[in-house]
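In what follows, a structure is listed as structure tokens, so that the remarks can point back to it.
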2 protein chains.
Amino acid sequence: MKHHIENLTEKLLSRNIKPSYQRIKILEYLTDNCTHPTVDKIFCDLHKEIPTLSKTTIYNTLNLFLEANLVRVITIEDNETRYDIDTTNHGHFKCQNCGEIYDFEADIENIKVDGLNNFIINDKSLYFKGICGKCQSA
Amino acid sequence: MKHHIENLTEKLLSRNIKPSYQRIKILEYLTDNCTHPTVDKIFCDLHKEIPTLSKTTIYNTLNLFLEANLVRVITIEDNETRYDIDTTNHGHFKCQNCGEIYDFEADIENIKVDGLNNFIINDKSLYFKGICGKCQSA
DNA sequence: TTATATAATTGTAATCATTACAGATTACAA
DNA sequence: TTGTAATCTGTAATGATTACAATTATATAA
């Protein structure tokens with residue numbers, strides 16, 4: 001799949017983020033790789049194409065994107081922070097065997113809760129763990 | 001609230017965990033302090049009473065408890081791993097202002113999901129973030 | 001009881017992810 | 001063109017967690 005640089009640039013500008021080369025490339029990577037990558041994965045992959053890219057820039061850029069709600073963090077596992085370009089409401093499933101993270105649809109908005117009267121809710125995350133279909137077949 | 005050592009001991013024995021002094025004290029702490037403490041919080045508090053206690057022991061013990069399903073991990077924030085003695089299904093709300101974590105009831109078992117056919121689900125977590133009632137009043 | 005083996009605990013060192021920071025580079029406006 | 005601010009980079013610092021070896025405690029067998 002091919003993304004137009006103009007679209008990425010506009011997306012950044014619409015959030016008041018200056019569209020530098022690095023930021024566009026990182027946004028492009030996230031858009032093309034909806035695999036909930038870690039910082040290390042992003043760095044290793046992009047480093048092949050941009051040898052001068054620094055890991056610090058990836059951290060800085062992702063934090064910038066986070067502030068602007070361009071990405072969301074997935075903290076399903078305590079030792080690995082992952083990033084998701086898809087900020088619509090959906091759940092994440094992590095396979096305890098192969099480690100892969102799957103998206104799934106869930107009606108998170110309408111979950112019935114009790115005990116949060118007068119609380120302002122800004123963010124909802126739903127995480128499942130278990131064994132994926134592939135690993136059961138194998 | 002006062003807990004009988006016998007109950008704690010039995011709880012450990014029922015999971016095939018040898019009830020050492022340290023393990024009982026850590027389990028007692030978790031039972032008395034349902035505040036979803038971090039390892040550091042547990043260490044600092046217990047260290048006053050047991051100066052010889054090692055942080056490594058707390059890590060080891062918590063991992064042991066995790067394996068035995070005596071506690072569950074809360075990974076609502078990517079930079080702080082917390083532990084919850086209450087393993088029944090409930091949600092966690094983190095206040096983005098004061099940092100406090102609140103429990104809330106939620107019908108997690110019956111959430112309608114799509115896209116997880118043939119998946120075995122072992123664990124479900126629901127995390128909300130926002131502003132708690134106290135912080136809004138202040 | 002005593003000797004021995006096994007398990008648990010401890011403290012230090014190693015590891016890994018993330019952030020802090022200062023210098024270099026780039027973008028942009030006067 | 002020049003100066004200023006923003007961005008990027010690389011290294012060092014930080015902090016959480018784990019690895020590991022030595023010590024201590026516990027359980028078992030003679």
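Below, chain A is the first sequence line, B the second, and so on; all start at residue 1.
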Rounded to whole angstrom units, what separation is found between the NZ atom of K41(A) and the P atom of dA17(C)?
15 Å
For the pair made of OH in Y83(B) and C1' in dA16(D), what is the distance, rounded to whole Å?
10 Å
Side chain of N63(A) (C-beta onward), nearest among dT19(C), dT18(C), dT10(C):
dT19(C)
How about D107(A) and N110(A): does a side-chain donor come under 3.5 Å of a side-chain acceptor?
yes
Side-chain donor-acceptor contact under 3.5 Å, E109(B) with N89(B):
yes
Nearest-Å distance, CD1 (I50(B)) to P (dA25(D))?
14 Å
Figure out the CG/P separation between L12(A) and dA6(D), and round it to whole Å.
18 Å
Whole-Å distance between dT18(C) C1' and I58(A) CD1?
13 Å
What nucleic acid atoms does D40(B) come within less than 4.0 Å of, heavy atoms only: base, sugar-phosphate, or nothing?
nothing
Any side-chain N or O of Q22(B) below 4.0 angstrom from OP1/OP2 of dT10(C)?
yes
Heavy-atom nearest nucleotide on DNA chain D taken for K55(B) and for L53(A); more 5' hit belongs to L53(A)
Exceeds 12 heavy-atom contacts within 6.0 angstrom, atom CG of N118(B)
no
Tell me which nucleotide, if any, is Watson-Crick or G-U wobble paired with dG3(D) when both distances must be under 3.5 Å.
dC28(C)
Roughly how many Å is it from CG in L27(B) to P in dA8(C), rounded to a whole number?
16 Å
Just call it for T57(B): base, sugar-phosphate, or nothing, with non-hydrogen atoms closer than 4.0 Å on any strand.
base
Return the value, rounded to whole Å, for the distance between atom CZ of F43(A) and atom C1' of dC16(C).
15 Å
Taking all non-hydrogen atoms of both residues into account, name the closest pair between T31(A) and C34(A) and its distance.
O-SG, 3.6 Å
ring-ring contact (aromatic ring centres under 6.0 Å, His included) contacts touching residues 87-108 of chain A (sequence neighbours left out):
H36(A)-H92(A), H90(A)-H92(A), F93(A)-F119(B), Y102(A)-F119(B), F104(A)-F128(A)
Identify whether any heavy atom of K18(A) sits under 4.0 Å from a base atom; if not, whether one sits that close to sugar-phosphate; answer base, sugar-phosphate or nothing.
sugar-phosphate
Look at the side-chain N and O atoms of S20(A) and state whether any lies under 4.0 Å from the OP1 or OP2 oxygen of dA27(C).
no
Taken to the nearest whole Å, NE2/H47(A) to P/dG10(D) is 8 Å
The side chain of T56(A) is closest to which nucleotide in this list: dA20(C), dT18(C), dC8(D)?
dA20(C)
Side-chain N or O of Y59(A) less than 4.0 angstrom from OP1 or OP2 on dT19(C)?
no
Any side-chain N or O of T52(A) under 4.0 Å from OP1/OP2 of dT9(D)?
yes
side-chain N/O S54(A) vs dC8(D) OP1/OP2, d < 4.0 Å:
no
